[in-house]
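Presented below is the structure to which this report refers.
This one's a predicted model, so the numbers in the text were calculated from it and none came from an experiment. Just so it is clear: chains get the letters A, B, ... in the order the sequence lines come, proteins before strands, and each one is counted from 1.
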There are 2 protein chains.
Amino acid sequence: MMGRPRGATHSKVVLYNSKGEKLVECSGPGTNHWILGMEECQKRIHNMVDQAKKEAGVPIDEPLTILGMSLSGCEQEETNHKLKQGLLSKYPKLSLQYMVCSDTVGSIATALDKGGIVVIAGTGSNALLLNPDGSVHRCGGWGHMLGDEGSAWWTAHKAMKICIDEQDNFVQPPHSTKFVWGAIKRHFNVETRFDLLDHCYSNFEKSKYAGLTKLLSEGANQGDALCLWLFARAGEMLFKHISALYSMADKSLLQESGGLSVVCVGSVWLSWEHLKPGFTGHCSHPEMPVIPELTLLRLTTSMAAGATYLAAKEIDLDLPRNYQANYTVFFHYKCSKT
Amino acid sequence: MMGRPRGATHSKVVLYNSKGEKLVECSGPGTNHWILGMEECQKRIHNMVDQAKKEAGVPIDEPLTILGMSLSGCEQEETNHKLKQGLLSKYPKLSLQYMVCSDTVGSIATALDKGGIVVIAGTGSNALLLNPDGSVHRCGGWGHMLGDEGSAWWTAHKAMKICIDEQDNFVQPPHSTKFVWGAIKRHFNVETRFDLLDHCYSNFEKSKYAGLTKLLSEGANQGDALCLWLFARAGEMLFKHISALYSMADKSLLQESGGLSVVCVGSVWLSWEHLKPGFTGHCSHPEMPVIPELTLLRLTTSMAAGATYLAAKEIDLDLPRNYQANYTVFFHYKCSKT
């Protein structure tokens with residue numbers, strides 16, 4: 001049995017035995033079928049699982065009992081079915097059964113038994129509310145063409161756009177672009193904004209932008225005003241995802257100790273200190289609905305755990321689960337307005 | 001001799017003889033090398049010119065004297081050189097000489113002898129100021145990933161984003177999305193916002209979005225509030241391009257009768273009546289620099305004419321030119337603030 005998490009940029013395969021003991025954990029490339037196409041996605045999954053079997057000393061020809069997959073891009077029943085059917089027919093020795101869910105559902109299942117909200121902010125962004133009755137509501141997750149607000153892509157793209165617009169005399173930047181434009185030039189190895197076109201079109205690689213956001217976070221650490229401004233805007237956007245889902249959360253989730261639990265996944269959350277001014281500023285924004293209490297969690301284990309828990313449930317296997325061991329709390333918010 | 005204009009969606013080839021008489025005009029597919037890659041771009045140019053030679057009864061093996069190309073995506077000397085060199089080496093019988101300029105420069109050259117501004121708003125958008133001394137300044141033209149403000153792509157994308165954000169409870173729309181969401185569903189043949197992902201990623205086709213904007217312009221004609229709002233926002237953006245370039249215009253261009261001339265190219269300008277509230281509203285916006293006088297022109301002939309004029313200049317051929325026959329004036333603005 002195994003769980004498999006994320007993403008546009010990286011994926012992880014974890015093999016568990018039936019006692020819930022982790023046998024092996026390996027990393028691999030991105031697996032979003034909207035980016036790669038279904039065939040390449042399936043091929044990558046197959047290769048990664050074979051690799052994990054090898055490392056765990058499990059015979060390649062022995063199918064897993066069940067493969068639980070928590071994947072970015074797997075939000076729809078129809079395409080999830082297509083993914084499973086393709087794996088079953090193309091790779092009969094991979095696994096006997098499959099469970100597919102989105103990376104959002106897998107993340108919640110890793111930390112919370114009854115449900116809650118997850119906000120993913122890695123290369124892309126996405127948010128989902130899972131209620132105790134199993135119903136889900138989502139916000140975002142539309143990818144770089146239609147959203148990804150608050151993600152590393154979004155932050156990097158905004159930084160680039162601010163520099164280009166300034167050089168065009170089109171929009172004045174909120175702060176000096178000196179550091180940010182220098183970081184863009186270094187990161188993409190370009191001299192002018194014209195040279196960026198290649199990175200945006202012919203040789204577009206979304207994960208390359210996440211690397212720029214890493215440099216911007218270093219700028220924020222050094223106190224660069226535009227970097228700090230960018231992360232505050234990302235923080236606002238991440239809060240807005242929660243705000244969009246809050247009104248649909250079951251009351252029981254709001255009444256838990258600490259209020260509504262939000263699982264925060266992805267590298268952008270590592271810059272929490274810089275996100276915080278925008279996140280908490282938006283909390284008290286007059287146009288935003290009041291959120292009385294929130295607790296932000298960070299997973300301390302791969303969301304493969306959640307995929308595995310859900311896969312175990314699907315085959316009625318009572319796998320030992322210790323949720324508290326899977327996360328830490330990094331922020332607790334109580335609104336003074338209520 | 002010939003001129004060749006635009007674009008992301010369509011291109012036109014026009015053959016002229018040395019007296020400046022038009023022999024034949026044919027349409028073809030898009031030729032932006034940033035979208036197609038250089039090789040495919042060159043191949044398409046070759047095929048289109050061969051087609052034009054056939055239609056004009058010119059032997060295929062007889063090279064043109066010069067091929068003037070005014071193309072979207074040809075803003076940089078380096079890639080323009082690459083385009084010319086590739087055509088010379090791969091297709092030696094196509095043309096003896098080449099002149100390449102951007103679609104922006106070609107448009108101005110079609111209507112204005114001394115220079116002026118062009119604002120292209122077709123599938124994409126772009127703006128350029130050409131001063132009498134030959135110096136150029138540009139604003140926009142960064143494509144759908146980085147700009148295209150006020151274009152058909154931008155308007156369609158904004159319409160889609162407004163609907164998705166409403167359905168996500170992420171942002172409330174400025175007006176009812178009933179008509180717009182209906183148009184999106186019809187145009188892309190989708191039922192839910194999830195079905196749009198395919199059109200945005202795996203099967204992304206920029207020109208498909210321009211088709212949606214056509215439907216939105218029909219909505220605006222019928223008085224739909226959100227469609228009218230969208231075109232007003234596009235109008236603001238198009239004005240902002242002019243405003244960005246205005247301060248760099250040579251004084252002689254501002255002192256012409258009618259003030260600064262702006263050549264307006266592309267299908268979005270056909271909705272001028274709906275752009276106008278945003279365009280003129282921005283004119284008098286307190287944060288915008290005052291523009292005392294503007295005249296908006298629409299070309300009545302293909303911008304292949306401008307490409308041909310410039311190509312003729314390059315080989316010192318005195319080709320007859322009648323600028324007034326190449327445009328009509330559709331808006332004259334004089335600011336009351338000055």
Side-chain angles (χ1 to χ4, degrees), chain A residues 32-38 73 75-79 126-127 129 137-147 149 153 157-158 160-161 163-172 192-204 206 209 237 240-248 287 289, chain B residues 32-38 73 75-79 126-127 129 137-147 149 153 157-158 160-161 163-172 192-204 206 209 237 240-248 287 289:
Chain A
N32 189 315
H33 67 79
W34 292 112
I35 295 171
L36 302 170
M38 196 52 98
E75 276 85 19
Q76 275 181 295
E77 213 34 74
E78 198 187 316
T79 43
N126 199 2
L129 162 70
H137 297 275
R138 52 173 286 174
C139 177
W142 304 107
H144 64 280
M145 293 289 276
L146 289 170
E149 285 90 347
W153 148 262
H157 179 265
K158 206 172 187 68
M160 290 163 68
K161 182 66 179 147
C163 292
I164 289 174
D165 283 351
E166 181 188 32
Q167 291 167 31
D168 269 359
N169 193 33
F170 191 63
V171 181
Q172 293 312 305
T192 75
R193 61 205 199 284
F194 290 96
D195 305 328
L196 284 173
L197 290 173
D198 192 45
H199 295 281
C200 291
Y201 300 100
S202 319
N203 289 307
F204 176 69
K206 194 173 170 183
Y209 293 80
M237 287 297 153
K240 245 173 110 175
H241 283 86
I242 300 169
S243 172
L245 295 170
Y246 191 84
S247 61
M248 284 158 306
E287 280 179 24
Chain B
N32 190 314
H33 68 80
W34 293 112
I35 296 171
L36 301 170
M38 196 51 98
E75 277 85 18
Q76 274 181 295
E77 211 36 72
E78 198 186 318
T79 45
N126 198 2
L129 163 70
H137 297 275
R138 51 172 287 173
C139 176
W142 304 106
H144 64 280
M145 294 289 276
L146 289 171
E149 285 89 347
W153 149 263
H157 179 265
K158 206 171 188 68
M160 291 163 68
K161 183 64 178 145
C163 292
I164 289 173
D165 283 351
E166 181 188 33
Q167 290 167 33
D168 269 0
N169 193 34
F170 192 64
V171 182
Q172 293 312 305
T192 76
R193 61 204 197 285
F194 291 96
D195 305 329
L196 284 173
L197 290 172
D198 192 45
H199 295 282
C200 291
Y201 301 101
S202 320
N203 289 307
F204 176 69
K206 193 173 172 184
Y209 292 79
M237 287 297 154
K240 246 174 111 175
H241 283 85
I242 299 169
S243 172
L245 295 170
Y246 191 84
S247 61
M248 285 158 304
E287 281 180 24

- Work out which heavy atom in A/C139 is nearest to a heavy atom in B/F170; give both atom names and the distance. SG-CD1, 3.3 Å
- Taking B/G141, B/G140, B/S243 one by one, which has the highest count of heavy-atom pairs under 4.5 Å against chain A? B/G140
- Query: Among all residues two or more places apart in sequence or in another chain, which pass the salt bridge (charged side-chain N to carboxylate O under 4.0 Å, His left out) test with A/K158?
  - Reply: none
- Part of A/I164 within contact of chain B (heavy atom distance under 4.5 Å): side chain
- Side-chain heavy-atom pair B/M145, A/L197 within 4.5 angstrom cut-off: no
- Should we say atom CD of A/E77 is surrounded by more than 12 heavy atoms from elsewhere, each under 6.0 Å from it? no
- Task: Report yes if some heavy atom in the side chain of A/L146 is under 4.5 Å from a heavy atom in the side chain of B/H157; otherwise report no.
- Result: yes
- Query: Side chains of A/K240 and B/V171: does their closest heavy-atom pair fall under 4.5 Å?
  - Reply: yes
- Item | Under 4.5 Å from a heavy atom of chain B, the part of A/E149 involved | side chain
- Do the side chains of A/D195 and B/Q76 get nearer than 4.5 Å, heavy atoms only? yes
- Query: With sequence neighbours excluded, what pairs up with A/F194 under the ring-ring contact (aromatic ring centres under 6.0 Å, His included) test?
  - Reply: B/W142
- Query: For B/H144, is it the side chain, the backbone, both, or neither that has a heavy atom closer than 4.5 Å to a heavy atom of chain A?
  - Reply: both
- Task: Go through the atoms of A/S247 and report whether side chain, backbone, both or neither lie under 4.5 Å from a heavy atom of chain B.
- Result: side chain
